[in-house]
Amino acid sequence: MNVNNRWFQLCASVVAMIMIANLQYSWTLFVQPLQHGTGWKLSDIQFAFTLFILFQTWVQPAQGWLIDRMGPRLFISVAGVLCGIGWGGLGRATTLTELYALYVLAGIGAALVYGGSIGSALKWFTERRGLAAGIMAAGFGGGTALFVPVIASMIRSRGYQATFLSTGVFQGLVILAVAQFLRHPPAEAAKPAGGGSGASTVRGRQFTTGQMLQTPQFYVLYAAFVMMATGGLLVTANAGPIAKSWGLSAGALALATSLNALANGASRVFWGWVSDKTGRELAMGVAFLLQAACLFLTLTIGRLSDALFTITLVLTFFTWGEVFSLFPSILGDYYGTRHATSNYGVLYSAKGVASIIGGWLAALLFERFGTWSACFYGSAVLALVAAGLIFGLRASAAAVQSPVGVPAAAK
């Protein structure tokens with residue numbers, strides 16, 4: 001077994017990513033049981049989801065800087081412990097404070113796994129970033145498809161408390177075991193920083209996080225990330241309550257959740273591969289336009305039947321999951337891979353901002369107005385604006401060969 005083989009490293013990291021998938025994507029299965037078991041309000045429970053995403057994203061700049069310099073093994077080992085304790089303990093929470101604290105621990109653990117794994121993919125696969133990042137992100141987006149039927153069955157037969165504990169212990173132990181094999185490449189590959197983005201590529205340049213933050217392109221990407229992440233997080237966190245409010249069956253929810261995970265994972269690989277061929281910005285803009293259309297279809301026809309609900313949600317996830325392969329890829333195109341973990345950690349914090357809108361605020365709006373319409377329409381509009389930003393970035397990149405405002409000494 002050659003642990004320095006890049007495909008071995010990719011597969012090992014994907015296993016770790018699959019283990020943290022349930023922490024986000026199976027959450028919606030626990031929301032109604034938590035409400036029934038505790039009597040807490042939907043918005044109070046979904047604030048825990050928002051905190052999870054915030055800590056899964058906003059601690060990444062700091063941990064990314066450390067992982068870039070010290071390697072992933074120690075930090076992902078710690079992540080296994082945090083994920084096991086945090087997720088496994090959720091069923092024992094008797095107060096909202098305990099629920100929040102435990103989900104935050106799980107979020108920090110997930111941040112260590114996610115940031116370290118994505119950064120590793122960009123470092124090991126400098127010439128096929130879109131595909132490698134897509135495969136890695138697919139482990140997170142699609143991994144829960146393996147477990148949703150099992151988790152749904154366990155919740156029905158054993159209750160949500162035992163299900164949290166069993167899955168938490170299992171996931172934590174697997175992450176801890178996999179971490180022992182993870183490492184960075186022996187040396188940075190002496191290859192161009194550029195990938196499939198054409199004119200926007202900064203060949204041979206390796207930007208630090210500070211230098212990246214001096215470029216206007218970064219803030220365009222950040223705004224687009226926030227806007228595109230919102231709609232997917234809306235349905236990720238609230239699919240259960242949405243299905244219930246529309247009078248759809250629990251079976252439809254379980255099926256949709258399983259298929260959504262597959263579509264989510266496939267999206268990251270498919271659009272990553274497409275972007276390597278067509279250019280990053282074009283693939284992003286097209287996918288974002290399709291996302292807006294799918295969110296509109298979910299609201300208008302998805303509520304009419306179990307089958308239409310499942311179909312429109314699957315399409316929504318297939319046009320959403322790509323953000324987690326295309327944004328790290330385009331960041332590598334623009335700014336190089338030497339500081340990939342810390343650079344993407346800063347950009348990935350945009351998902352935390354989006355979680356406030358798609359998780360907690362969406363639940364508050366539903367409690368206030370009794371409908372999900374404003375949430376879906378608003379998310380669709382945000383996706384349209386994000387597409388416009390990316391197409392604008394593509395147009396400017398054709399005239400400007402590198403991000404502007406960066407010291408010429410950046411290497």
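Everything numeric here is computed off the predicted structure, so don't read it as measured data.
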**Q** Name all residues meeting the side-chain hydrogen bond (donor to acceptor under 3.5 Å, both in side chains) criterion together with Thr319; count only those two or more places apart in sequence or in a different chain, and write none if there are none.
**A** Gln291
**Q** About how many Å separate CD of Gln217 and CD1 of Ile330, when rounded to the nearest 0.5 Å?
**A** 9.5 Å
**Q** Side chains of Thr215 and Tyr335: do they bring a donor and an acceptor to under 3.5 Å?
**A** yes
**Q** Evaluate the side-chain proximity of Lys351 to Phe324: yes if any heavy-atom separation is below 4.5 Å, no if none is.
**A** yes
**Q** For the residue pair Leu102 and Ile85, what are the closest heavy atoms and their distance?
**A** CD2-O, 3.9 Å
**Q** Taking side-chain contact (heavy atoms from CB on, under 4.5 Å) as the test, write out the residues that go with Thr28, two or more places apart.
**A** Ala239, Pro241, Thr257
**Q** If we only count heavy atoms from C-beta on, is the Arg92 to Leu165 side-chain gap below 4.5 Å?
**A** yes
**Q** Tell me if the aromatic rings of Phe164 and Trp87 count as close, with their centers under 6.0 Å from one another.
**A** yes
**Q** Check whether any side-chain heavy atom of Phe317 sits under 4.5 Å from a side-chain heavy atom of Thr236, and report yes or no.
**A** yes
**Q** Could you state the interatomic distance from CG (Leu74) to CG (Leu112), rounded to the nearest 0.5 Å?
**A** 9.0 Å
**Q** Angle class for the Trp320/Tyr25 ring planes (parallel below 30°, perpendicular above 60°, tilted otherwise)?
**A** perpendicular
**Q** Does atom CH2 (Trp360) have a neighbourhood of more than 12 heavy atoms from anything else shown, all under 6.0 Å?
**A** no
**Q** First locate atom CE of Met212, then atom CD of Gln214, and finally report the distance between them rounded to the nearest 0.5 Å.
**A** 10.5 Å
**Q** CZ of Phe366: more than 12 outside heavy atoms within 6.0 angstrom?
**A** yes
**Q** Does a side-chain heavy-atom distance below 4.5 Å link Leu253 with Leu248?
**A** no
**Q** A side-chain contact here means heavy atoms from C-beta on lying under 4.5 Å apart; do Gln24 and Phe49 qualify?
**A** yes
**Q** Run the side-chain contact (heavy atoms from CB on, under 4.5 Å) test on Gln56 and Leu23 for me, step by step, so that the C-alpha distance in whole Å, both residues' side-chain angles and the decisive distance to 0.1 Å come before the verdict.
**A** CA-CA 10 Å; Gln56 190 231 344; Leu23 277 60; over 6 Å; no
**Q** Can you classify the ring geometry of Phe270 versus Trp273 as parallel (below 30°), tilted (30 to 60°) or perpendicular (above 60°)?
**A** tilted
**Q** Any chance you could measure Leu29, atom CG, to Phe147, atom CZ, to the nearest 0.5 Å?
**A** 13.5 Å
**Q** Roughly how far, to the nearest 0.5 Å, is the CD1 atom of Ile76 from the CG atom of Leu182?
**A** 5.0 Å
**Q** When the ring centroid of Tyr103 is compared with that of Phe52, is the distance short of 6.0 Å?
**A** yes
